[in-house]
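Just so you know, these numbers come straight off a predicted model, no measurement behind them.
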Amino acid sequence: MSVSNHMKSGLLSIVLLLLSAQIIRGQTDSDVDLYGCTVQSGGDVVLTWTPLSASADFASYDIYHAVGNGSFIKLATISNSTVGTWTHDAGAADNQVHRYFIQAFASGVPTYPSDTLFTIVPMATNINDIEVSLVWQSYSVNTLPGAEPYYYVYRQSQDEPWTLIDSTLDLFYSDYPGICLNNLTYRISWRVNKNQNFSNLTLPMTDNNPPAAPVLDSVSVDENGHIVFGWEKGISPDTKEYFILHNTATWDTLDQRRFDFETTAYTTTTVDGTTGPKEFSIASIDRCGNATADNGITQSVKTIWLQQPQHQVCQKRITLNWTPYQRMKDGLAGYKILVSEDQAPYYTYDTVYPDTLSAFFLNPRHGVFYKFKIAALSNSGITASSSTVSLFVVNPAAPQYAYIRYATVDNNRVIDLALVNDTTAQTAGLVIERSLLSPVNYTVLDTLIPTAGTEYYTDSLVRPTKEPYLYRVQALDSCGAPEISSNIINSIYLTLSDKALGTLEWTPLEGFPNGLSSYQIERRTAETGWDLIGETTSGITTFTDAEYPSLIPVQSLEYRVKAYSWPNDLLPFSDTTTSNIITAVPSYRLFLPTAFHPGGERNNIFKPVMLSVDPSEYYFAVFNRQGQQIFESTSPETGWDGTLEGEKLKSGIYAYYIRILTVSGRYQEQRGMVTLVE
């Protein structure tokens with residue numbers, strides 16, 4: 001119901017109440033002065049009057065009550081003339097208008113009735129979630145003696161104390177609380193003879209309506225790749241704040257920021273608009289904390305992402321491609337292609353239709369630094385700009401060289417290449433080719449579009465622990481034709497040619513203009529990192545590790561070779577090329593004699609000869625024919641001397657059992673027979 005309808009209904013109720021009161025009271029002042037009619041929080045109605053003087057003929061106070069426009073009935077009788085107050089329990093709990101008057105009886109004769117007082121029932125209406133319209137009826141038909149002309153308006157927010165917000169001579173009031181309307185409650189008070197009377201409480205206000213989302217009218221990317229937002233103020237009157245969301249697979253609040261109602265622009269530095277289109281939405285928050293129902297996601301906007309321009313040298317054009325700008329306010333009229341030359345201001349090169357997402361920039365001039373951006377144009381003239389891309393145009397110049405710095409084996413799985421590109425020329429591509437050493441038959445691996453003086457490439461489709469490979473690079477001119485070939489370089493293939501002596505052998509590294517300075521041989525164990533153990537000149541491709549025989553029985557050994565090239569005209573420093581890694585694993589060995597002679601000069605102790613054994617897990621035992629254990633040892637240094645408890649045993653065949661742990665971590669067991677010879 002509108003405010004005006006509420007007021008009409010309230011005025012009609014007042015007229016009916018006035019007529020009813022006049023019929024009951026007549027036109028004469030009462031002997032009983034009823035001046036208080038207040039509604040307490042639980043709905044009790046407290047009546048207050050001026051007690052009559054005590055007299056012998058006083059009989060009673062009769063309290064009459066009516067609900068709304070209904071008839072009066074006697075509600076209570078009080079026989080004490082000094083009483084001046086009475087409470088109607090839960091009298092106004094139904095939130096209706098209740099009417100009261102009092103009539104006194106003395107010697108069986110009634111006095112004239114008192115003034116009729118009404119409980120005030122205010123009505124509160126939520127207007128657009130920012131204004132509360134209050135209307136109420138008068139507390140009486142007549143103005144009471146000693147009554148103030150004002151009505152006092154009180155407001156309470158949930159469990160907060162009541163606050164007096166204003167006073168008025170009218171029976172209506174508009175409140176703009178500036179806070180959340182949800183659960184706001186009002187009551188009206190009036191005063192007679194300094195006695196304050198209160199109305200019913202209004203029903204708690206409700207504000208569960210989410211505010212409408214503001215409109216993102218422009219989302220642009222500035223020259224630094226930062227996102228620049230512009231939006232219109234929210235149309236919901238109780239909008240208090242805004243927040244922007246960013247779609248990163250899930251929708252997250254951008255920068256965890258909130259913006260007040262007056263803010264309509266923001267720039268964030270936390271999102272890089274140069275890496276792809278970015279999607280955003282904006283939502284409102286009202287004074288009650290309600291957020292836009294869908295967080296504005298159904299009205300989300302994506303930035304324009306202008307991809308890196310493609311300079312098609314042979315076609316004398318630069319190709320521009322961009323992503324669409326979605327949900328342009330007032331509709332998308334088209335895209336403007338903006339160009340800057342050598343840091344000069346941008347100019348409009350062309351305007352294309354809204355469904356066009358690519359364009360050609362024709363005849364770029366040599367030596368000019370171009371910057372490009374795309375601006376989406378709305379039908380009302382609003383623009384939103386894309387990320388900026390740049391390109392320095394150089395006329396076609398054939399590459400003068402291409403060079404492979406190294407072809408080094410990485411972790412026995414791939415071969416890493418470093419390719420030197422002629423940066424003074426416009427090289428369309430570096431074609432990487434590979435071949436076996438024999439037969440030589442190059443196949444194309446890949447084509448790199450060079451962007452720097454040195455390009456890096458990893459060849460993962462190789463078996464560097466099985467064979468060496470040859471590499472070369474073909475440099476393409478600006479139109480894609482092969483112009484010049486690089487040096488041919490091979491990977492270093494390392495093998496252990498002699499597993500007994502620890503002799504290493506590798507393929508010579510070739511292909512450097514000034515040759516190699518040296519090969520360095522490195523070794524690694526489980527306890528140490530890589531240690532330099534030797535060095536050879538460029539012409540020597542074998543090396544024997546002198547410590548190998550003493551180290552290999554107790555641990556695994558890893559080897560690799562590094563080749564160092566001399567600086568040359570292209571590179572004023574030495575490069576390093578690394579071979580594959582080989583691992584020498586200790587071989588477990590165990591030997592026991594089949595006979596021994598305790599009294600002889602040789603072979604007089606029966607014990608095993610072992611290699612690559614962990615002595616901490618050693619166990620050795622000897623048994624006679626009856627299965628009786630006659631000897632045991634946990635030390636590899638202790639053998640059986642042919643005795644039992646100090647006495648020599650007779651010649652014969654005895655059984656043995658041995659268990660050991662190899663240095664590679666495996667347990668080995670062996671059982672056999674040995675002959676004791678006296």
Output the distance between atom [atom1] ([X]) and atom [atom2] ([Y]), rounded to the nearest 0.5 Å.
{"X": "T268", "Y": "D255", "atom1": "OG1", "atom2": "CG", "value": "3.5 Å"}
{"X": "E433", "Y": "T447", "atom1": "CD", "atom2": "OG1", "value": "9.0 Å"}
{"X": "L306", "Y": "W322", "atom1": "CG", "atom2": "CH2", "value": "8.0 Å"}
{"X": "R191", "Y": "E148", "atom1": "CZ", "atom2": "CD", "value": "5.5 Å"}
{"X": "N247", "Y": "F280", "atom1": "CG", "atom2": "CZ", "value": "9.5 Å"}
{"X": "N197", "Y": "S140", "atom1": "CG", "atom2": "OG", "value": "11.0 Å"}

Exam field: side chain [X] to backbone [Y], donor-acceptor pair closer than 3.5 Å:
{"X": "N200", "Y": "A92", "value": "yes"}
{"X": "T163", "Y": "I165", "value": "no"}
{"X": "T323", "Y": "P277", "value": "no"}
{"X": "S491", "Y": "Y469", "value": "yes"}
{"X": "N224", "Y": "H226", "value": "no"}
{"X": "D416", "Y": "Y456", "value": "no"}
{"X": "T119", "Y": "H98", "value": "yes"}
{"X": "Q343", "Y": "S340", "value": "no"}
{"X": "S486", "Y": "V473", "value": "yes"}
{"X": "S378", "Y": "G381", "value": "yes"}

Quick one: do the [X] and [Y] side chains pair a donor with an acceptor below 3.5 Å?
{"X": "R327", "Y": "S300", "answer": "yes"}
{"X": "N208", "Y": "T206", "answer": "no"}
{"X": "S460", "Y": "T458", "answer": "no"}
{"X": "N441", "Y": "S435", "answer": "no"}
{"X": "Y335", "Y": "D350", "answer": "no"}
{"X": "N487", "Y": "Y403", "answer": "no"}
{"X": "S380", "Y": "D330", "answer": "yes"}
{"X": "Q196", "Y": "Y152", "answer": "no"}
{"X": "Y186", "Y": "D175", "answer": "yes"}
{"X": "Y151", "Y": "D170", "answer": "no"}

Atom [atom1] of [X]: over 12 foreign heavy atoms under 6.0 Å:
{"X": "L362", "atom1": "CG", "answer": "yes"}
{"X": "Y353", "atom1": "OH", "answer": "no"}
{"X": "K316", "atom1": "NZ", "answer": "no"}

Residue pair [X] / [Y]: nearest heavy atoms and the distance that separates them:
{"X": "P149", "Y": "L169", "value": "O-CD2, 3.4 Å"}
{"X": "S385", "Y": "S220", "value": "N-OG, 2.8 Å"}
{"X": "I227", "Y": "G273", "value": "CD1-CA, 3.8 Å"}
{"X": "I449", "Y": "E455", "value": "O-OE2, 4.5 Å"}
{"X": "L245", "Y": "N295", "value": "CD1-O, 3.7 Å"}
{"X": "Y325", "Y": "K302", "value": "CD1-O, 3.3 Å"}

Pair R405-L419, side-chain contact (heavy atoms from CB on, under 4.5 Å): steps then yes or no: CA-CA 6 Å; R405 291 172 50 181; L419 317 175; over 6 Å; no
Among pairs that include at least one residue of residues 308-372, which meet disulfide bond (SG atoms under 2.5 Å apart), considering only residues two or more places apart or in two chains? C314-C479
Taking the six-membered ring for Trp, are the ring centroids of [X] and [Y] within less than 6.0 Å of each other?
{"X": "Y370", "Y": "F392", "answer": "no"}
{"X": "F243", "Y": "F259", "answer": "no"}
{"X": "F198", "Y": "Y154", "answer": "yes"}

Does R187 qualify as a cation-pi partner of W162, given the criterion of NZ or CZ under 6.0 Å from the six-membered ring centre and within 45 degrees of its axis? yes
Residue pairs passing the salt bridge (charged side-chain N to carboxylate O under 4.0 Å, His left out) test with at least one member in residues 271-299, sequence neighbours excluded, are none
Would you please classify the geometry between the F361 ring and the Y349 ring as parallel, tilted or perpendicular, with 30° and 60° separating the classes? tilted
For the pair Y242 and W231, name the ring-plane relationship: parallel under 30°, tilted 30 to 60°, perpendicular over 60°. perpendicular
Side-chain ion pair, K329 and E232, N-O less than 4.0 Å: yes
Using a strict threshold of under 4.0 Å (side-chain N to carboxylate O), is an ion pair present between K240 and D260? no
Walk me through it: do Q312 and T319 pass the test side chain to side chain donor-acceptor pair (under 3.5 Å)? CA-CA 7 Å; Q312 297 169 302; T319 301; 2.5 Å; yes
From CA spacing to verdict: side-chain contact (heavy atoms from CB on, under 4.5 Å), T248, T250: CA-CA 5 Å; T248 58; T250 58; 4.3 Å; yes
Do [X] and [Y] come close enough that some side-chain heavy atom pair is under 4.5 Å?
{"X": "V271", "Y": "H246", "answer": "yes"}
{"X": "L171", "Y": "V135", "answer": "no"}
{"X": "N421", "Y": "L430", "answer": "yes"}
{"X": "V153", "Y": "L164", "answer": "no"}

With side chain to side chain donor-acceptor pair (under 3.5 Å) as the test, would you mind laying out the steps for D422 and T424 before giving the verdict? CA-CA 5 Å; D422 184 0; T424 65; 2.5 Å; yes
With L184, which of Q158, Q156, M205 fulfils side chain to side chain contact (heavy atoms under 4.5 Å, CB included)? M205
So which of T292, V301, L216 actually passes side chain to side chain contact (heavy atoms under 4.5 Å, CB included) with I282? L216
Given the rule in the side-chain contact (heavy atoms from CB on, under 4.5 Å) test, do L448 and I432 qualify, once you have shown the distances and angles that lead to the verdict? CA-CA 8 Å; L448 297 183; I432 304 170; 3.9 Å; yes
Test side-chain contact (heavy atoms from CB on, under 4.5 Å) on E483 and Q400 and set out the steps. CA-CA 8 Å; E483 179 66 27; Q400 300 301 305; 5.9 Å; no
